[in-house]
Structures are given as C-alpha cells and as structure tokens.
Amino acid sequence: MLTAVVIEDEPRTRDTIIGIVKSNCPEIKVVGSGNNVKSGIEAIHTSRPDILVLDVFVLPLFRRSSRAGCSSRIRRGAGGRGGCGCRGG
C-alpha cells in the first residue's frame, strides 16, 4: 500500500481531496495532512509518505525549503483534468 500526505491551506478543500483519495484509490492510505508549509514538513517527517499532494501555491515555498527532506522529484499532477489515475480516473 502506498501512503500519502495532503497539504492544503483550505480545510474544506483538504477534506475533499482526502475523501476523493479514500473513495477512489484504495491502494493509497492518507497518513497525514498539513495546512501550511510548517505543518506539511512536520507531516512529511513524521509519516515519510510515498505521495505528496500539495497545493500548487505552496509548491514554491517547498522548493525553497531545505528542511522539507523530500528525496524524490516533485511531479506535477493531473491538475484540472481530474482523476488520480486509480481505477481509471
């Protein structure tokens, strides 16, 4: 099973993203979330996720933060095209 952390400053959007992942991607478990860069970095360090779902407006701050400790590349997702790739989405 893959693990994920969701970082989004809007609570309603964050909850919606988590709900979509839970409903459509049974092979992905959301193990943490954050509402800003600091809480996001803490969630990353605590849970060491395979996948990071990140608010596009927070991305430049993560790229500049040497404390993030992300060893993998940042890959842009589907954006407005919808779907997570699971179950043909």
Side-chain angles (χ1 to χ4, degrees):
M1 176 171 282
L2 295 172
T3 59
V5 166
V6 177
I7 302 169
E8 166 60 55
D9 62 328
E10 295 291 331
R12 192 168 163 184
T13 304
R14 186 174 55 248
D15 292 343
T16 299
I17 293 168
I18 292 169
I20 290 169
V21 172
K22 286 182 179 179
S23 297
N24 296 290
C25 304
E27 63 277 9
I28 300 173
K29 180 180 182 183
V30 178
V31 293
S33 66
N35 61 359
N36 56 39
V37 172
K38 183 179 179 184
S39 64
I41 290 171
E42 289 171 6
I44 291 167
H45 283 289
T46 300
S47 51
R48 297 288 189 197
D50 300 302
I51 300 167
L52 178 60
V53 181
L54 183 64
D55 184 331
V56 69
F57 295 110
V58 179
L59 181 59
L61 300 174
F62 262 86
R63 284 191 170 146
R64 283 184 254 152
S65 176
S66 61
R67 299 177 304 139
C70 297
S71 60
S72 39
R73 293 182 316 235
I74 295 175
R75 181 176 168 265
R76 192 175 279 186
R81 290 179 283 143
C84 66
C86 304
R87 293 189 182 175

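Counting begins at 1 with the first residue of the sequence.
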Restricting to non-hydrogen atoms, name the atom on M1 and the atom on E27 that form the minimum distance, rounded to 0.1 Å.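 Smallest interatomic distance, heavy atoms only, reads CG-O, 3.4 Å.
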Minimal non-hydrogen separation, V6 against R14, with atom names: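 Nearest pair, atom of V6 first, then R14: CG1-CG, 4.0 Å.
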State, yes or no, whether a side-chain contact exists between [X] and [Y] at a heavy-atom distance under 4.5 Å.
| X | Y | value |
| --- | --- | --- |
| I28 | D50 | no |
| V5 | V31 | yes |
| I18 | S33 | yes |

Any donor-acceptor N/O pair, E8 side chain to E10 backbone, under 3.5 Å: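 Flag set: sc E8 to bb E10 pair under 3.5 Å.
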Let me confirm one number: the CG-CD1 distance from L54 to I17, rounded to the nearest 0.5 Å.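 Nearest 0.5 Å value for the CG-CD1 distance: 9.5 Å.
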Rounded at 0.5 Å granularity, tell me how far OG1 in T46 sits from CD1 in I41.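 If I round to the nearest 0.5 Å, the distance is 11.5 Å.
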With side chain to side chain contact (heavy atoms under 4.5 Å, CB included) as the criterion, how do I7 and I44 come out once you've worked through the C-alpha distance, each side chain's angles and the decisive distance to 0.1 Å? CA-CA 10 Å; I7 302 169; I44 291 167; 4.3 Å; yes
